[in-house]
Student: 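Below you will find the structure I want to go over with you.
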Amino acid sequence: MSFQEKVFAVVKKTPRGQVLTYQQVAAKLGNVKLARAVGNALNKNRDSRMPCHRVIRSDRRVGGFNRGPARKIKLLKSEGVKIKNVKVL
DNA sequence: CATTTGACGCCAA
DNA sequence: TTTGGCGCCAAAT
């Protein structure tokens, strides 16, 4: 199982309305420092069935996304996650 | 095989 | 509070 597949699995588990941090995902994979690689994996895989918008930064900012925060924020809000500007609650 | 890239995280100025 | 710099890792070049 490749690194990205693991990331994929973890993110897929994320319940609707809940968000994970890259750090948290990385921790599940065994090492917190993998946070970067996690984001990288999502970026490269970009699977449509992968709720990558539920993955945020540890400082609670939305973090990276495709085409500005709007897209991700919108999706998150649709799932019941409230956002204050770029901050996730 | 050596470097660069990137959706991160933390700390010091 | 906002920058900038450094460390860390996987995948792409």
Side-chain angles (χ1 to χ4, degrees):
Chain A
M1 192 182 221
S2 63
F3 175 79
Q4 42 193 77
E5 290 174 311
K6 295 183 199 169
V7 175
F8 186 87
V10 174
V11 176
K12 274 191 323 191
K13 274 186 180 180
T14 310
R16 192 166 167 281
Q18 170 139 13
V19 292
L20 285 173
T21 66
Y22 292 99
Q23 192 175 41
Q24 190 60 68
V25 176
K28 280 200 174 278
L29 301 185
N31 187 340
V32 201
K33 304 186 191 97
L34 291 172
R36 219 171 200 170
V38 171
N40 200 294
L42 291 173
N43 178 40
K44 283 168 179 163
N45 280 297
R46 268 203 246 158
D47 191 303
S48 27
R49 285 169 281 289
M50 178 153 64
C52 45
H53 54 273
R54 290 183 196 153
V55 188
I56 63 175
R57 293 178 52 134
S58 52
D59 55 6
R60 293 188 193 175
R61 282 183 184 280
V62 194
F65 34 81
N66 193 11
R67 283 240 295 145
R71 173 75 175 151
K72 205 159 169 180
I73 289 178
K74 201 174 172 188
L75 284 164
L76 288 172
K77 283 175 66 180
S78 305
E79 300 186 351
V81 178
K82 299 197 168 106
I83 297 176
K84 191 74 172 173
N85 278 327
V86 291
K87 291 273 198 175
V88 178
L89 303 176

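Sequence lines set the chain letters: A, B, ... in the order given, protein chains first and strands last, and positions in each chain run from 1.
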Student: Whom does C/dC9 pair with, Watson-Crick or G-U wobble, provided both distances fall under 3.5 Å?
Tutor: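 When the pairing criteria are applied, B/dG6 turns out to be the nucleotide that pairs with C/dC9.
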Student: Base, sugar-phosphate or nothing for A/R71? Non-hydrogen atoms, less than 4.0 Å.
Tutor: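 Nothing, no nucleic acid heavy atom in range.
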Student: For A/K33 and B/dG9, what is the distance between atoms NZ and C1' respectively, to the nearest whole Å?
Tutor: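 It is 11 Å, rounded to the nearest whole Å.
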Student: For A/D59 and B/dC11, give me the distance from atom CG to atom C1', rounded to whole Å.
Tutor: 14 Å
Student: Please check if the number of heavy atoms outside A/K87 that lie under 6.0 Å from its NZ is greater than 12.
Tutor: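 Enclosed: over 12 neighbouring heavy atoms sit under 6.0 Å from NZ of A/K87.
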Student: Identify, between A/N40 and A/A35, the residue whose nearest nucleotide on DNA chain B lies closer to the 5' end.
Tutor: A/N40
Student: Within less than 4.0 Å of OP1 or OP2 of C/dA10, is there a side-chain N or O belonging to A/Q4?
Tutor: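 Indeed not, no polar side-chain atom of A/Q4 lies that close.
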Student: Between the side chain of A/N43 and the main-chain N/O of A/G39, is any donor-acceptor distance below 3.5 Å?
Tutor: no
Student: Is it true that a side-chain atom of A/K84 and a backbone atom of A/L89 form a donor plus acceptor pair closer than 3.5 Å?
Tutor: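 No; zero donor-acceptor contacts below 3.5 Å.
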Student: Grab the CZ-P distance between A/R61 and C/dT2 for me, whole Å please.
Tutor: 7 Å
Student: I need the CG-P distance between A/N85 and C/dT1, as an integer number of Å.
Tutor: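 Atom CG in A/N85 sits about 13 Å away from atom P in C/dT1.
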Student: In whole angstrom, give the distance that lies between atom CE of A/M1 and atom P of C/dA10.
Tutor: 16 Å
Student: Indicate, with a heavy-atom threshold strictly under 4.0 Å, whether A/L34 touches base, sugar-phosphate, or nothing.
Tutor: sugar-phosphate
Student: Ignoring the backbone of A/Y22, work out which of C/dA10, C/dA11, B/dG9 is nearest its side chain.
Tutor: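 Taking heavy atoms from C-beta onward, the closest nucleotide is B/dG9.
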Student: Check the phosphate of C/dA10 against A/S2, side-chain N and O only, distance under 4.0 Å to OP1 or OP2. Yes or no?
Tutor: no
Student: Tell me the closest heavy-atom pair linking A/V38 and A/Y22, and the distance in Å.
Tutor: CG1-CD2, 3.9 Å
Student: Figure out the NE2/C1' separation between A/H53 and B/dA7, and round it to whole Å.
Tutor: 14 Å
Student: If you assign each of A/N31 and A/K44 to its closest nucleotide in DNA chain C, which residue comes earlier from the 5' end?
Tutor: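 In this pair, the answer is A/N31.
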Student: Output the distance between atom CD (A/Q24) and atom CG (A/L29), rounded to the nearest 0.5 Å.
Tutor: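 Reported to 0.5 Å precision, the distance equals 10.5 Å.
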Student: Is A/R57 near enough to B/dG9 that one of its side-chain N or O atoms lies under 4.0 angstrom from OP1 or OP2?
Tutor: yes
Student: Give the rounded distance in Å between these two atoms: CD1 of A/I56 and P of B/dA7.
Tutor: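 Answer to the nearest Å: 17 Å.
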Student: Rounded to the nearest Å, what distance is computed from the CG atom of residue A/L42 to the P atom of nucleotide B/dT5?
Tutor: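 Roughly 21 Å, once rounded to whole Å.
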